[in-house]
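Each remark here refers to the structure printed beneath this line.
Here is how names work: the chains are called A, B, and so on, in the same order as the sequence lines, proteins then strands, and each is numbered from 1.
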Amino acid sequence: MAYWLFKSEPETFGIDHLIAMSDQTEHWDGVRNYQARNMLRDNIKKGDKVFFYHSNCKCPGIVGSARVVKNGYPDFTQFDPESNYYDPKSNADNPRWFMVDIKFTKKFKQVISLEQLKTMPALADMALVRKGNRLSVMPVKEDEWQAIIDLV
DNA sequence: GCCAACGTTGGC
DNA sequence: GCCAACGTTGGC
């Protein structure tokens, strides 16, 4: 079992959107970065745990957790010309982009803010707290997960 | 294969 | 809204 952190803009798809989905489950579509794609396709497995992070908002931080309920499979939005995530260079025989399904686990009583995360020595190695990081899907080490969970 | 230009991310 | 950081694109 592994741990991950997924970023999303709360106005686009926040944790409350996940809670509102049927079975509190949703596919994590729209990732268009190769490093993140590789993780979605190869490494993120059913049963893994995920921190749900809100980015690009007034209070960026971890707002809750979820778990992976379906292994990586082709992101169908890449084939939909109507979608913002449409990729004309991808084809069905060799899909370029992948996604997993996640199910809501928990919404934290308060946001664990990026500001707070940055102060934690246990998290110093996380890409999240480093300058210029743009990965929207990233691995979390077990001890990092624990250090964060201990705050809840 | 290099690298400048460009677009996007995301904190502030 | 600004802008630094970074990934991608495309000309050469």
So side-chain hydrogen bond (donor to acceptor under 3.5 Å, both in side chains) across residues 68-84 of chain A, not counting sequence neighbours, yields Arg32(A)-Asp75(A), Arg32(A)-Thr77(A), Tyr73(A)-Asp101(A), Asp75(A)-Thr77(A), Gln78(A)-Ser90(A)
State, yes or no, whether a side-chain contact exists between Ile44(A) and Val137(A) at a heavy-atom distance under 4.5 Å. yes
How about Met138(A) and Gln35(A): do any of their side-chain heavy atoms sit closer than 4.5 Å? no
With DNA chain C as reference, determine whether Gly132(A) or Arg96(A) sits nearer its 5' end, using the nearest nucleotide of each. Gly132(A)
Trp4(A) and Phe52(A): aromatic ring centres closer than 6.0 Å? no
5' to 3' contact window, DNA chain B with chain A (heavy-atom distance under 4.0 Å): dG7(B) to dC12(B)
Would you please name every residue forming a ring pair (Phe, Tyr, Trp, His ring centres under 6.0 Å) with Phe79(A), sequence neighbours left out? none
I need the Glu144(A) CD to Leu117(A) CG distance, nearest 0.5 Å. 10.5 Å
Nearest 0.5 angstrom please: Met126(A) CE to Met120(A) CE, how far? 9.5 Å
If you compare all heavy atoms of Asn133(A) against all heavy atoms of Leu128(A), which two are closest, and at what distance to 0.1 Å? ND2-CA, 3.8 Å
Considering only residues two or more places apart or on different chains, which pairs with a residue in residues 106-116 of chain A satisfy salt bridge (Lys or Arg N to Asp or Glu O under 4.0 Å)? Asp16(A)-Lys107(A)
Any residue in residues 50-66 of chain A with a heavy atom nearer than 4.0 angstrom to DNA chain B? Just list them by number, or reply none. Tyr53(A), Ser55(A), Asn56(A), Pro60(A)
Global bending angle along the helix from dG1(B)-dC12(C) to dC12(B)-dG1(C), which compares the axes of five pairs at either end, to 10 degrees: 10°
